Amino acid sequence: MTPDHDAPTFPPLMWGEPAQGNAFDHACMRATMGCDAGLVAYVLGPLQVEAALVFAPEVPLAKAMAMLPLCGVGLQNALGALAPPEVAVHLGWEGGIRVNGAGCGRFRVMASDVDPAAMVDWLVVGFALPLLPEDDAGATPDRTALYAEGCADIAPPALIESWSRHTLNWINRWETEGPQPLHAEWRGLAFGIGEPAAPEGQSGTFLGIDEDFGMLLRTGTATRLIPLTTLLESPP
């Protein structure tokens with residue numbers, strides 16, 4: 001299939017900019033320059049689709065980090081609407097995307113500060129999702145690509161449009177209903193709860209999440225909390 005390179009359209013309060021290189025880096029650069037929240041940088045490549053959304057949080061960073069799992073839920077909902085019903089999409093706590101059990105791209109997150117208590121100027125959440133395998137699929141059975149999982153009819157612009165709409169819906173719900181609906185939705189999509197995990201070099205069993213989506217990691221008889229802010233990339 002030849003991807004459709006028509007520009008995607010966006011819901012109210014969002015607008016798009018094609019990125020010349022990496023969508024996440026483009027969005028972060030624009031955020032540091034003071035662009036308004038709602039910018040979606042995107043790349044419609046032949047092998048990979050990318051998108052990144054700029055936020056202007058009005059809560060401390062520790063709370064605003066919920067936008068990472070929220071954007072993941074938005075992507076799962078988008079793929080749920082566009083992909084065949086047998087395609088299963090799950091989300092890893094560290095930003096990984098799983099399609100039919102195999103790794104298929106990931107989310108990244110950056111903010112203007114890394115202090116969990118800070119009121120940050122901006123927060124960017126973005127994803128990269130491979131459309132076609134880069135190499136022989138048999139050589140990397142733990143990784144896949146969207147079109148290899150029966151989703152070749154999904155045009156990249158339609159995916160970005162659907163992601164932006166579903167993400168905006170969840171932002172509105174998060175603002176009006178609080179974090180509980182997002183928690184419930186994310187838990188139903190989470191990959192690896194109850195299984196061994198090694199986030200940030202620490203190993204144990206992934207028990208679940210706290211109210212701010214921090215990972216509860218059991219090691220022996222002790223349970224540690226790993227804040228979602230540990231996933232932040234350093235700002236420029």
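No hydrogens, no waters, no symmetry mates; every other heavy atom, side chains included, goes into these values. One-based numbering along the sequence shown. This one's a predicted model, so the numbers in the text were calculated from it and none came from an experiment.
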Enquirer: Once rounded to the nearest 0.5 Å, what's the spacing between atom OG1 of T230 and atom CD of E94?
Expert: 7.5 Å
Enquirer: Tell me if the CD atom of E177 is crowded by more than 12 foreign heavy atoms within 6.0 Å.
Expert: yes
Enquirer: Got a donor-acceptor contact below 3.5 angstrom from the S164 side chain to the E161 backbone?
Expert: yes
Enquirer: Identify, with sequence neighbours excluded, every residue that meets side chain to side chain donor-acceptor pair (under 3.5 Å) alongside W122.
Expert: none
Enquirer: Examine distances only and state if a side-chain atom of Y147 and a backbone atom of P130 form a donor-acceptor pair shorter than 3.5 Å.
Expert: no
Enquirer: Measure across I226 and P199 and return the closest heavy-atom pair with its distance rounded to 0.1 Å.
Expert: CD1-CG, 3.4 Å
Enquirer: Nearest 0.5 Å please: distance from the CZ atom of F10 over to the CG atom of L168.
Expert: 12.0 Å
Enquirer: Tell me if a side-chain donor or acceptor on W170 pairs with a main-chain N or O of G72 at a distance below 3.5 Å.
Expert: no
Enquirer: Give, for atom CD1 of I97 and atom NE2 of H90, the distance between the pair rounded to the nearest 0.5 Å.
Expert: 13.5 Å
Enquirer: At what distance, to the nearest 0.5 angstrom, does CZ of R30 lie from CG of D25?
Expert: 14.5 Å
Enquirer: More than 12 foreign heavy atoms under 6.0 Å from CD of E86: is that the case here?
Expert: yes
Enquirer: Say whether, by atom type as modelled, one donor and one acceptor occur between the side chain of D142 and the main chain of A102 under 3.5 angstrom.
Expert: no
Enquirer: Can you label the angle between the F213 ring and the H183 ring as parallel, tilted or perpendicular, going by 30° and 60°?
Expert: tilted
Enquirer: Which heavy atom in F206 sits nearest to a heavy atom in A197, and how many Å separate them?
Expert: CB-CB, 4.0 Å
Enquirer: Check whether D212 reaches the backbone of G214 with its side chain - one donor and one acceptor, N or O, closer than 3.5 Å.
Expert: no
Enquirer: I'd like to know if the side chain of E50 reaches the main chain of A23, judged simply by a donor and an acceptor atom lying under 3.5 Å from each other, with no hydrogens or angles considered.
Expert: yes
Enquirer: Name the residue from V125, L53, T167 that meets the side-chain contact (heavy atoms from CB on, under 4.5 Å) definition with L70.
Expert: T167
Enquirer: Would you check if the side chain of S162 reaches a backbone N or O of L79 as a donor-acceptor pair within less than 3.5 Å?
Expert: no
Enquirer: If I take atom CG from residue L232 and atom CE from residue M65, how far apart are they, to the nearest 0.5 angstrom?
Expert: 4.0 Å
Enquirer: Roughly how far apart are I171 CD1 and T176 OG1, rounded to 0.5 Å?
Expert: 11.5 Å
Enquirer: What is the minimum heavy-atom distance between A64 and V59, and which atoms define it?
Expert: N-CG2, 3.6 Å
Enquirer: Is a donor on one side and an acceptor on the other found under 3.5 Å between the side chain of S112 and the backbone of D121?
Expert: yes
